[in-house]
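Right, I'll just put the structure down here and ask away after.
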Amino acid sequence: MSEIRLEVKNISKNFGITKALQNVSFNVNKGEVHALIGENGSGKSTLTNMLTGIYTLESGTFILDGKEVHPKNQVEANEEGISIIVQELGTLSGLTVAENIFLGHEDRFVKFGIKNTKAMNREANELLKKYGFDRIKASDMIDIYNFEDRKLVEIVKATYFNPKIVVIDETTTALSQEGREELYKHMERIRKEGNTVIFISHDLPEILEKSDTISILRDGIYIDTVKSADVTEDDLKKLMVGREVTGDYYRSDYGEKVSDEVVLSVKNVSVPGLIKDVSFDLHKGEILGFGGLSESGMHEIGKAIFGASYDRTGTVTLADGTEINSIPSAIKHSIAYTSKDRDNESVVMNQSIGDNICLPSLDNLCAFGKILSGKKMKDFSNKFSKEMSVKMVDTNQFVSELSGGNKQKVVLARWIGKDSDIVVLDSPTRGIDIKVKQDIYQLMDRMRKSGKSIIMISEELMELIGMCDRIIIMKDGMTSGSLDRNKDINENSLIGMMV
């Protein structure tokens, strides 16, 4: 019989009138990967944020190895043997890699009030080498590294001290396949050492393959705990949603001719150290996909198109000859962009849902010339938050209080409301549950049918295959090949061009 590592007993949490968790109880065993699944807003991150000291425990108890724990912050959680790799960025800008790894535990390197930076860097470099991340240097400022490399630093930070429980909250969605394999390797190591991983993901095949046990939450209520070997994807969908998830998922059409009309032409675009001499055309009503490994440059493509790369060379030109060289120019000419780094680049965290949705459309929400109309803004944000099914108290709620998936819905609601003609989506379904993914795919299909043009950048190969008219693969900052929509395309067709 498995030995219990963590008892979750009668946990409840409210955010205003929103009941995020209601009397949740279940057990987690030693030496297992225990998945926690549910739709966006089901309470997964709220529960683990209380366990790891990010949120205050209001009601109920956590019992770790027979002892009640209630950490008030992440340092206290670490001292109890609990750590977390969060969904968004969990490293702090302005600090070095080593300072981020040992954040809250710097006293290990302090003697007579003086910090031994050399010793800290030496130990951090040894850890990075042990993890296989030695291209990342301890003394470097964390800010010079991209989103994925910063997540790799977080893996070291969360696991180097051999914690009893490691919470992995939607981390795989921020990683390329290479990064995921590294994370899976460390999950397996933690498990073999008799410690426990609590694994949160919306990728159900990943959940079934990598976890031993799965607990399901729905609308803040505990539903069931099942063995991964005993259930299918469809079983999990039904437990998550409370009913069968039916209807089309990806596009079902093949052989449709894409319009010859070019709406955007990218010529010889380069960004030093990131992309080199990239050229392509985007057609009216086309979903054009970009895929590749983490360092391929595909994420920089979106920024370059949107005018967000200050040192870009080459041209991004609309059909009427207008060149796009800045973000205001892109928005003015009906181009939308959603970043992979949602919290830092796509939403204003400490503003309301309503303000975030209205932000690109303020010129259209004025009354009497240039005075913003509160009624127009309220009606506008209510309409598009409902269209994207954002789980919220109301549109006055701060975006920072939402789950990752609901933040993403706010980002998409903003650009649907703007009704842009060209939409650049970088990792649009990152951290999104199965039902909302389906909604987003169907929305994209409707948009292309209405003549909108979409660039979809994704590390999810099946997503690209399922949704795109054409897929361009990036490698080492350059395009390495492209494939048109075809029933015979599979993941191997793309991987061959990526490596």
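Since the structure is predicted, the reported quantities are computational estimates derived from the model, not experimental observations.
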Notebook entry, point to check: Do Arg191 and Glu188 sit within salt-bridge range, that is, some charged N less than 4.0 Å from a carboxylate O?
Noted result: yes
Margin query: Please enumerate all residues that pass ring pair (Phe, Tyr, Trp, His ring centres under 6.0 Å) together with Phe199, with sequence neighbours excluded.
Written below: none
Check: Can you find a side-chain donor-acceptor pair between His299 and Glu459 that sits under 3.5 Å?
Finding: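 Looking only at side-chain atoms, Glu459 and His299 do form a donor-acceptor pair, the distance falling under 3.5 Å.
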Next item on the list: For Glu99, check side chain to side chain donor-acceptor pair (under 3.5 Å) against everything at least two apart and list the hits.
Entry: Thr96, Lys115
Check: Say you draw a straight line from CG of Leu464 to CD1 of Ile472; how long is it, rounded to the nearest 0.5 Å?
Finding: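 Those atoms lie 11.0 Å apart.
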Note to self: Once side chain to side chain donor-acceptor pair (under 3.5 Å) is applied, do any residues pair with Arg430, and if so which ones, sequence neighbours excluded?
What the structure shows: Glu88
Item checked: Flag side-chain contact, heavy atom, 4.5 Å: Ile301 against Val424 ->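 No. Closest side-chain heavy atoms not under 4.5 Å.
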Item checked: Rounded distance [0.5 Å steps], OG1 in Thr48 versus CZ in Phe62 -> 8.5 Å
Check: Would you find more than 12 non-hydrogen atoms of other residues, nucleotides or ligands less than 6.0 Å from Lys391 atom NZ?
Finding: yes
Contacts table for residues 491-499: side-chain donor-acceptor under 3.5 angstrom, sequence neighbours left out:
| unit_1 | atom_1 | unit_2 | atom_2 | d |
| --- | --- | --- | --- | --- |
| Ser493 | OG | Asn490 | N | 3.1 |
| Ser493 | OG | Asn490 | O | 3.3 |
| Ser493 | OG | Asn490 | OD1 | 3.0 |

Margin query: Quick check: closest heavy atoms across Ser427 and Lys340, and the distance to 0.1 Å?
Written below: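 Heavy atoms only, the tightest pair is OG-CG, 3.6 Å.
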Next item on the list: Using a strict 4.0 Å threshold on nitrogen-to-oxygen distance, state whether Asp426 and Lys303 make a salt bridge.
Entry: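 Looking at Lys303 together with Asp426, the answer is no, because their closest N to O distance does not fall below 4.0 Å.
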Notebook entry, point to check: In chain order, what residues pass the side chain to side chain donor-acceptor pair (under 3.5 Å) check against Lys185, with sequence neighbours excluded?
Noted result: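 With neighbours one apart ignored, the set is Glu182.
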Next item on the list: Please tell me if the side chains of Glu58 and Ser12 come closer than 4.5 Å, counting only heavy atoms from C-beta onward.
Entry: no
Note to self: With no hydrogens and no angle check, just 3.5 Å: does a side-chain donor-acceptor pair link Asn396 and Ser352?
What the structure shows: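 Result is no, nothing qualifies.
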Notebook entry, point to check: Do you know which two heavy atoms are closest between Cys468 and Ile471, and how far apart they sit?
Noted result: CB-CG1, 3.9 Å
Checklist line | Donor-acceptor side-chain pairing of Ser211 and Ser228 below 3.5 angstrom | finding: yes
Next item on the list: Report the residues that fulfil salt bridge (charged side-chain N to carboxylate O under 4.0 Å, His left out) with Arg108, sequence neighbours left out, ordered by chain and then residue number.
Entry: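 Arg108: salt bridge (charged side-chain N to carboxylate O under 4.0 Å, His left out) contacts with Glu123.
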Check: Where is the tightest heavy-atom contact between Asn356 and Arg414, given as atom of each residue plus distance?
Finding: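 The answer is O-NE, 2.9 Å.
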Note to self: Less than 4.5 Å apart, side chain to side chain, heavy atoms only: is that true for Val167 and Leu36?
What the structure shows: no
Next item on the list: Under the side chain to side chain donor-acceptor pair (under 3.5 Å) rule, collect the residues that match up with Thr225, sequence neighbours excluded.
Entry: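 Applying side chain to side chain donor-acceptor pair (under 3.5 Å) to Thr225 gives Ser215, Tyr222.
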Item checked: salt bridge (charged side-chain N to carboxylate O under 4.0 Å, His left out) partners of residues 62-76, not counting sequence neighbours, each pair once ->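 Found Arg5-Asp65, Asp65-Lys164, Lys67-Glu80.
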Notebook entry, point to check: So, Asp235 side chain and Thr232 main chain: donor-acceptor pair closer than 3.5 Å or not?
Noted result: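 Checked: pair present.
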Margin query: What I'd like to find out is whether the side chain of Leu152 reaches to under 4.5 Å of the side chain of Arg135, using heavy atoms alone.
Written below: yes
Note to self: Restricting to non-hydrogen atoms, name the atom on Ala158 and the atom on Ile85 that form the minimum distance, rounded to 0.1 Å.
What the structure shows: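 Closest pair (atom of Ala158, atom of Ile85, distance): CB-CG1, 3.5 Å.
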Note to self: Going by salt bridge (charged side-chain N to carboxylate O under 4.0 Å, His left out), name the residues that satisfy it together with Lys407, two or more places apart in sequence or in a different chain.
What the structure shows: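 Here the qualifying residues are Asp343.
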Notebook entry, point to check: Considering residues at least two apart in sequence or located in another chain, which fulfil the ring pair (Phe, Tyr, Trp, His ring centres under 6.0 Å) criterion with Phe398?
Noted result: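 Ring pair (Phe, Tyr, Trp, His ring centres under 6.0 Å) check on Phe398 returns nothing, list empty.
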Next item on the list: State the CD-CG distance between Gln408 and Leu402, to the nearest 0.5 angstrom.
Entry: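 The distance works out to 12.0 Å.
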Next item on the list: Measure the spacing between CG of Leu21 and CG of Asn10 and express it to the nearest 0.5 Å.
Entry: 12.0 Å
Note to self: Using every non-hydrogen atom in the two residues, find where Ile136 and Asn125 come nearest and quote the distance to one decimal.
What the structure shows: O-OD1, 4.3 Å
Item checked: Lys/Arg-Asp/Glu bridge criterion (N-O < 4.0 Å) met for Glu193, Arg189 ->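 Yes, Glu193 and Arg189 are salt-bridged.
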Check: Can you name the one residue among Glu206, Arg180, Lys210 that meets side-chain hydrogen bond (donor to acceptor under 3.5 Å, both in side chains) with Thr172?
Finding: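 Running side-chain hydrogen bond (donor to acceptor under 3.5 Å, both in side chains) over Glu206, Arg180, Lys210 with Thr172 returns exactly one hit, Glu206.
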Next item on the list: Step through the shown structure and confirm whether more than 12 heavy atoms of other residues, nucleotides or ligands are within 6.0 Å of NZ on Lys137.
Entry: yes
Next item on the list: First locate atom CG of Leu293, then atom CE of Met474, and finally report the distance between them rounded to the nearest 0.5 Å.
Entry: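 The CG atom of Leu293 sits 11.5 Å away from the CE atom of Met474.
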Checklist line | Straight-line distance of Leu127 CG to Ile155 CD1, nearest 0.5 Å | finding: 13.0 Å
Item checked: Shortest non-hydrogen contact between Leu92 and Asn100, atoms and distance ->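 Heavy atoms only, the tightest pair is N-OD1, 2.7 Å.
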Notebook entry, point to check: Any side-chain donor paired with an acceptor under 3.5 Å for Glu460 and Thr429?
Noted result: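 No, no side-chain donor-acceptor contact under 3.5 Å.
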Next item on the list: Applying side-chain contact (heavy atoms from CB on, under 4.5 Å), run through Val86 and Glu154 and close with a yes or a no.
Entry: CA-CA 9 Å; Val86 295; Glu154 288 177 54; 3.9 Å; yes
Checklist line | Phe102: ring pair (Phe, Tyr, Trp, His ring centres under 6.0 Å) partners, not counting sequence neighbours | finding: Phe109, Tyr160
Margin query: Pairing donors with acceptors under 3.5 angstrom, does anything connect the side chains of Asp169 and Ser45?
Written below: yes
Item checked: Residues which pass ring pair (Phe, Tyr, Trp, His ring centres under 6.0 Å) with His34, listed by chain and number, not counting sequence neighbours -> Phe26
Note to self: Would you say that Ile82 contacts Leu6 through its side chain, given a criterion of any heavy-atom pair below 4.5 Å between the two side chains?
What the structure shows: no
Check: Do Thr91 and Tyr145 have side-chain atoms, one donor and one acceptor, less than 3.5 Å apart?
Finding: no
